[in-house]
Peer 1: 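Sharing a structure below in structure tokens format, with a few things to ask.
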Amino acid sequence: MLKQLITIDQELFGVDVQPVLTRPDPRFGDFATNVALQLAGKLGKNPREVAETVAEHLRQTGKFAEVTVAGPGFINLRLSDRALLEMASTEPAKTRAGQTVVIETNNPNPFKAMHIGHAFNAILADTIANLLEESGAATYRVSYHGDVGLHVGKSMYALLHYVENQPERLQEVPEAERSSLMSRMYAEGAKAYKENEAAKAAIDLLTKQSFVRDNPVYAAVYDMVFDWSFEQIAKNVKRLGNKPTRQRFLESEADVRGVKIVRDNVPKVFQESNGAVVFKGSEHGSFDNAFVTSGGQGLYAARDLGLMQLKNEQYHPSKSYIVTAEEQRDYFKGVIAAAGLCFPELKDVTVNIPTGTVKLTTGKMSSRDGDVVEIGWLFDQVAEAIRVRGGEVTEAIVAGALRYAFLKVRIGGDVVFDINESVSIQGNSGPYLQYAHARACSILDKAKREQPTTEERVHFEDGERSLVLKISECSEVIEKATGELLPHYVCTYLYELAQEFNRFYEHNKVIGHEREALRLQLVALYRDTLAYGLRLLGIIAPEKM
RNA sequence: GCACCCGUAGCUCAGUGGAUUAGAGUAGCUGGCUUCGAACCAGUUGGUCGCAAGUUCGAAUCUUGCCGGGUGUACCA
């Protein structure tokens, strides 16, 4: 349709423009274009006259039921009912076939409990992965975790005090209490590091230990809590509806090669400064940052370089996505710039997607002070809300509510999380969509008949047409969401779709009506579209609830 | 200080160059279940789109300057 417009414009006026097809208010048409306004500007002609000329040519193609000119020079197009139904039944194109992408879909650090912020990023990343995968790209979900470094030193400091030289004590800790114990231990270590010089010195040593782990007690405690961490992460991530990752990367694996990359690129990319090796990120929209300490130890940034090399060797991705909190925005600008200088072939491969901070209305959430909202608590809150509402609590609905609450807002801004209201189960929420799906299933189940065959002549009544028009938007919405890496477009669309259906349902009888065959076909099409969209969001579409 | 992000209804957010009336949810008020599932639908109250200039046929949307909030600013991750 777009191609036709371009051709007509070029034939008529010999001018190159970028016509845009939009979805206007349905009373104007199915589609609208502003070409005439763009053309008029370039040609110095009256926009309405240009619009009339273009409209006349579009009418002559015979592909539209209605072509009108409105306002300052918009051209509104209406498809025939038959063409609209065909469009609504068309699946999105695999526009990224042949491409390979790698994306980190969860990276909570071990030795800490997973909190809301981790869940937020994990859900966003996994959903972006779904979109990329659906568009045909070979998509590899990976994870990356900080198993070495200062935060480990802090946790180990408190943990070693806790076990008092008897690592087997940890075996007595019940599974349900492990997360909060890890949070507590980390908070204790962090506090000691800040307030106590002796503790700071001890923690610095314990940090170095995290790289070698040659002390038996240290190693025993480390291994035990390391395992706890990943059991907890795996459990939570699965509960949230994320797909499993293909590979887990650890900072310890990336460290040595990261440091080597840095050293190999002195002085071309990095400079020595006060004994440390730094990158002048300030020349690349970032800030000057140390990659290797004056003591020769690799830092986070060096490991990120090593990780990029590892990912490239294993997957050769055309794009590699890292979803992080916005605090790391400038940091990643620097690391990515440095990577581009060290490996020209990796320039523009790695993309950081900063997500904004999850904040609580009750105040700041700080992992450092141990003031975090753990995920288990969040699951319980949602379950309670459903119970209060009188519904049956299922994992699918709890996860759907949580996931949707995080996905429906545009990526980038801060997310203010009201612990009492944010995870809603009515209105624009996951359960609303799930309910709208279950309803459609129920109708189709009751009808007990196979899909009716399409009649030769299709003519919709108003309510039917609105529903089909909305269904027909699906492909373009998903392509837009994938192109811009913004899953919330899908949420907004599915919500509008479900609303349209609920209206239809309210006002139009399906079973027993003389138009039953056609309406059942529409309900089935709607049900499939909604289920498809929910699947991309990682939300289960239940047949009953 | 400098850089980046944000500011839309009481609250949480869509809309980021286009259509006489800026949309949802939620909260408040009102109506709708003997009728395919009321976790639903319909109606109603609520906004000088932070402020001010500019660009444009047209600005919540672009530019500039202010005001307010947040984040970052090398040996943490």
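The chains referred to below are lettered A, B, ... by the order of the sequence lines, with proteins before strands, and numbering in each begins at 1.
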Peer 1: Measure from the side chain of A:H507, starting at C-beta and using heavy atoms only, and say which of B:rA38, B:rC75, B:rC41 lies closest.
Peer 2: B:rC41
Peer 1: Would you say a side-chain N or O of A:Y432 is under 4.0 Å from OP1 or OP2 of B:rC41?
Peer 2: yes
Peer 1: Once ring pair (Phe, Tyr, Trp, His ring centres under 6.0 Å) is applied, do any residues pair with A:F74, and if so which ones, sequence neighbours excluded?
Peer 2: none
Peer 1: What nitrogen or oxygen pairs link the protein and nucleotides 28-30 of chain B at under 3.5 Å?
Peer 2:
none

Peer 1: Return no unless some side-chain N or O of A:R503 is found under 4.0 Å from OP1 or OP2 of B:rA42.
Peer 2: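 Yes, such a contact exists.
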Peer 1: Which whole number of Å gives the distance between the C1' atom of B:rG7 and that of B:rU61?
Peer 2: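 These two C1' atoms come out 14 Å apart once rounded.
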Peer 1: Ignoring backbone atoms, establish whether A:N502 has a side-chain N or O less than 4.0 Å from OP1 or OP2 of B:rC41.
Peer 2: yes
Peer 1: Give me the distance, rounded to whole Å, that separates B:rC49 from B:rG43 when you measure between the P atoms they each carry.
Peer 2: 26 Å
Peer 1: Taking only the side-chain nitrogens and oxygens of A:S442, find out if one of them lies under 4.0 Å from OP1 or OP2 of B:rG37.
Peer 2: yes
Peer 1: Could you give the distance from CD (A:E395) to CZ (A:F379), rounded to the nearest 0.5 Å?
Peer 2: 6.5 Å
Peer 1: Quick one: salt bridge (Lys or Arg N to Asp or Glu O under 4.0 Å) pairs with a partner in residues 478-494 of chain A, sequence neighbours left out?
Peer 2: A:R96-A:E479
Peer 1: Of all the nucleotides listed (B:rG70, B:rG37, B:rC76), which has the minimum atom distance to the side chain of A:L299?
Peer 2: B:rC76
Peer 1: Among residues at least two apart in sequence or on other chains, which ones pass salt bridge (charged side-chain N to carboxylate O under 4.0 Å, His left out) with A:K200?
Peer 2: A:D204
Peer 1: I want to verify a distance call: between B:rA39, B:rC75, B:rG72, whose nearest atom is closest to the A:D330 side chain?
Peer 2: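 The nucleotide sitting nearest to the side chain is B:rG72.
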Peer 1: P atom, B:rU63 versus B:rA22: distance in rounded Å?
Peer 2: 24 Å
Peer 1: Between B:rU35, B:rC76, B:rG37, which one does the side chain of A:L150 approach most closely?
Peer 2: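 Out of B:rU35, B:rC76, B:rG37, the nucleotide with an atom closest to A:L150's side chain is B:rC76.
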Peer 1: Partner lookup for B:rU26, please. Criteria are Watson-Crick or G-U wobble with both distances under 3.5 angstrom; report none if nothing qualifies.
Peer 2: B:rG10
Peer 1: Using the ring pair (Phe, Tyr, Trp, His ring centres under 6.0 Å) criterion, which residues pair with A:F270? Sequence neighbours excluded.
Peer 2: A:F279, A:F291
Peer 1: Across all strands shown, which nucleotide pairs with B:rU61 by Watson-Crick or G-U wobble geometry, both distances under 3.5 Å?
Peer 2: none
Peer 1: Using both distances under 3.5 Å as the test, list the Watson-Crick or G-U wobble partner of B:rC76, or none.
Peer 2: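 Result: none.
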Peer 1: Using OP1 and OP2 only, check whether a side-chain N or O of A:R410 sits under 4.0 Å from B:rC6.
Peer 2: no
Peer 1: Which nucleotide sits closest to the side chain of A:K544: B:rG37, B:rC4, B:rU71?
Peer 2: B:rG37
Peer 1: Measure OH/A:Y489 against C1'/B:rA14 and give the value in whole Å, please.
Peer 2: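 About 10 Å, once rounded to whole Å.
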Peer 1: Using atom C1' in both nucleotides, what's the gap between B:rA74 and B:rA14 to the nearest angstrom?
Peer 2: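 It comes out at 40 Å once rounded to the nearest Å.
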Peer 1: Using heavy-atom distances to pick each residue's nearest nucleotide on RNA chain B, tell me which of A:H488 and A:A276 is more 5'.
Peer 2: A:H488
Peer 1: Which nucleotide, B:rC4, B:rA38, B:rC75, lies nearest any side-chain atom of A:R329?
Peer 2: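 Of B:rC4, B:rA38, B:rC75, B:rC4 is nearest to the side chain of A:R329.
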Peer 1: Looking only at atom P, what distance separates B:rG23 and B:rG47, rounded to whole Å?
Peer 2: 14 Å
Peer 1: OP1 or OP2 of B:rA77 sitting under 4.0 Å from any side-chain N/O of A:R303?
Peer 2: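 True: A:R303 side-chain N/O within range (under 4.0 Å) of B:rA77 OP1/OP2.
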Peer 1: Strictly under 3.5 Å: I want the nitrogen or oxygen pairs between protein and nucleotides 31-33 of chain B, one per line.
Peer 2:
| residue | atom | partner | partner atom | Å |
| --- | --- | --- | --- | --- |
| B:rG32 | N2 | A:E506 | OE2 | 3.4 |

Peer 1: Looking at residues at least two apart in the chain, or sitting in another chain, which of them share a ring pair (Phe, Tyr, Trp, His ring centres under 6.0 Å) with A:F249?
Peer 2: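 A:F249 satisfies ring pair (Phe, Tyr, Trp, His ring centres under 6.0 Å) with no other residue.
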Peer 1: In Watson-Crick or G-U wobble terms, both distances under 3.5 Å, what is the partner of B:rC66?
Peer 2: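 Result: B:rG50.
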Peer 1: By nearest atom, which of the nucleotides B:rC5, B:rA14, B:rA74 is closest to the A:S273 side chain?
Peer 2: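 The closest nucleotide is B:rA74.
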Peer 1: List, one per line, each side-chain donor-acceptor pair under 3.5 Å for residues 329-337 of chain A, sequence neighbours excluded.
Peer 2:
| residue | atom | partner | partner atom | Å |
| --- | --- | --- | --- | --- |
| A:Y331 | OH | A:A301 | N | 3.3 |
| A:Y331 | OH | A:D304 | OD2 | 2.9 |

Peer 1: Using the side-chain heavy atoms of A:K333, tell me which of these nucleotides is nearest: B:rA74, B:rC4, B:rG70.
Peer 2: B:rC4
Peer 1: Counting side-chain heavy atoms from C-beta on, which of B:rA38, B:rA24, B:rC75 comes nearest to A:Q499?
Peer 2: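 So the nucleotide nearest the side chain must be B:rA24.
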Peer 1: With a 4.0 Å cut-off on N to O distance, would you call A:D30 and A:R465 a salt bridge?
Peer 2: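 Yes.
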Peer 1: Quick one: sort the A:H118 and A:H115 rings into parallel, tilted or perpendicular, breaks at 30° and 60°.
Peer 2: tilted
Peer 1: A:E326 CD to B:rC6 C1': how many Å, rounded?
Peer 2: 8 Å
Peer 1: For A:V510 and for A:I397, locate the closest nucleotide of RNA chain B by heavy-atom distance; then report the residue assigned to the nucleotide nearer the 5' terminus.
Peer 2: A:V510
Peer 1: P atom, B:rA24 versus B:rA9: distance in rounded Å?
Peer 2: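 Per the computed distance, 15 Å lies between those P atoms.
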Peer 1: Check this for me, if you would: do A:R503 and A:E506 make a salt bridge, where the nitrogen-to-carboxylate-oxygen distance has to be below 4.0 angstrom?
Peer 2: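 A salt bridge is absent here (no side-chain N lies under 4.0 Å from a carboxylate O).
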Peer 1: Could A:E392 and A:K544 be called an ion pair, given the rule that one side-chain N must be under 4.0 Å from one carboxylate O?
Peer 2: no
Peer 1: Give the nucleotide from the list B:rC75, B:rG72, B:rA39 with an atom nearest to the side chain of A:E327.
Peer 2: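 Nearest to the side-chain atoms of A:E327, counting from C-beta on, is B:rG72.
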Peer 1: Partner lookup for B:rA3, please. Criteria are Watson-Crick or G-U wobble with both distances under 3.5 angstrom; report none if nothing qualifies.
Peer 2: B:rU71
Peer 1: Which of residues 282-291 of chain A sit near RNA chain B, with a heavy atom under 4.0 Å from it?
Peer 2: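 Contacts with RNA chain B under 4.0 Å: A:F287, A:D288, A:N289, A:A290.
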Peer 1: Going through the distances and angles, do A:F230 and A:F226 end up as a ring pair (Phe, Tyr, Trp, His ring centres under 6.0 Å)?
Peer 2: CA-CA 7 Å; A:F230 284 105; A:F226 182 92; 4.8 Å; yes
Peer 1: Regarding A:V409, tell me which of base, sugar-phosphate or nothing describes its non-hydrogen contacts under 4.0 Å with the strands shown.
Peer 2: sugar-phosphate
Peer 1: Expressed as a whole number of Å, how far does the C1' atom of B:rU30 sit from that of B:rU34?
Peer 2: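 Approximately 24 Å lies between the C1' atom of B:rU30 and that of B:rU34.
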Peer 1: CG of A:D255 versus P of B:rC76: gap in Å, rounded?
Peer 2: 13 Å
Peer 1: Phosphate oxygens OP1/OP2 of B:rC75: is one of them under 4.0 Å from a side-chain N or O of A:Y300?
Peer 2: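 For B:rC75, OP1/OP2 do not have a side-chain N/O of A:Y300 under 4.0 Å.
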Peer 1: Can you name the residues that form a ring pair (Phe, Tyr, Trp, His ring centres under 6.0 Å) with A:Y144, not counting sequence neighbours?
Peer 2: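 Checked A:Y144 against ring pair (Phe, Tyr, Trp, His ring centres under 6.0 Å); zero matches.
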Peer 1: Give each protein N/O atom lying under 3.5 Å from an N/O atom of nucleotides 19-22 of chain B, with the pair distance.
Peer 2:
| residue | atom | partner | partner atom | Å |
| --- | --- | --- | --- | --- |
| B:rA19 | N6 | A:N76 | OD1 | 3.0 |
| B:rA19 | N1 | A:N76 | ND2 | 3.3 |

Peer 1: For B:rG37, take OP1 and OP2 only and decide whether either is under 4.0 Å from a side-chain N or O of A:K446.
Peer 2: yes
Peer 1: Between B:rC51 and B:rG46, how far apart are the C1' atoms? Round to whole Å, please.
Peer 2: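 Rounded to whole Å, the distance is 22 Å.
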Peer 1: Would you mind classifying the nucleic acid contact of A:N274 as base, sugar-phosphate or nothing, using non-hydrogen atoms under 4.0 angstrom?
Peer 2: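 Base, at least one base heavy atom under 4.0 Å.
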Peer 1: With A:R387, which residues qualify under salt bridge (charged side-chain N to carboxylate O under 4.0 Å, His left out), at least two apart?
Peer 2: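 Salt bridge (charged side-chain N to carboxylate O under 4.0 Å, His left out) list for A:R387, sorted by chain: A:E384.
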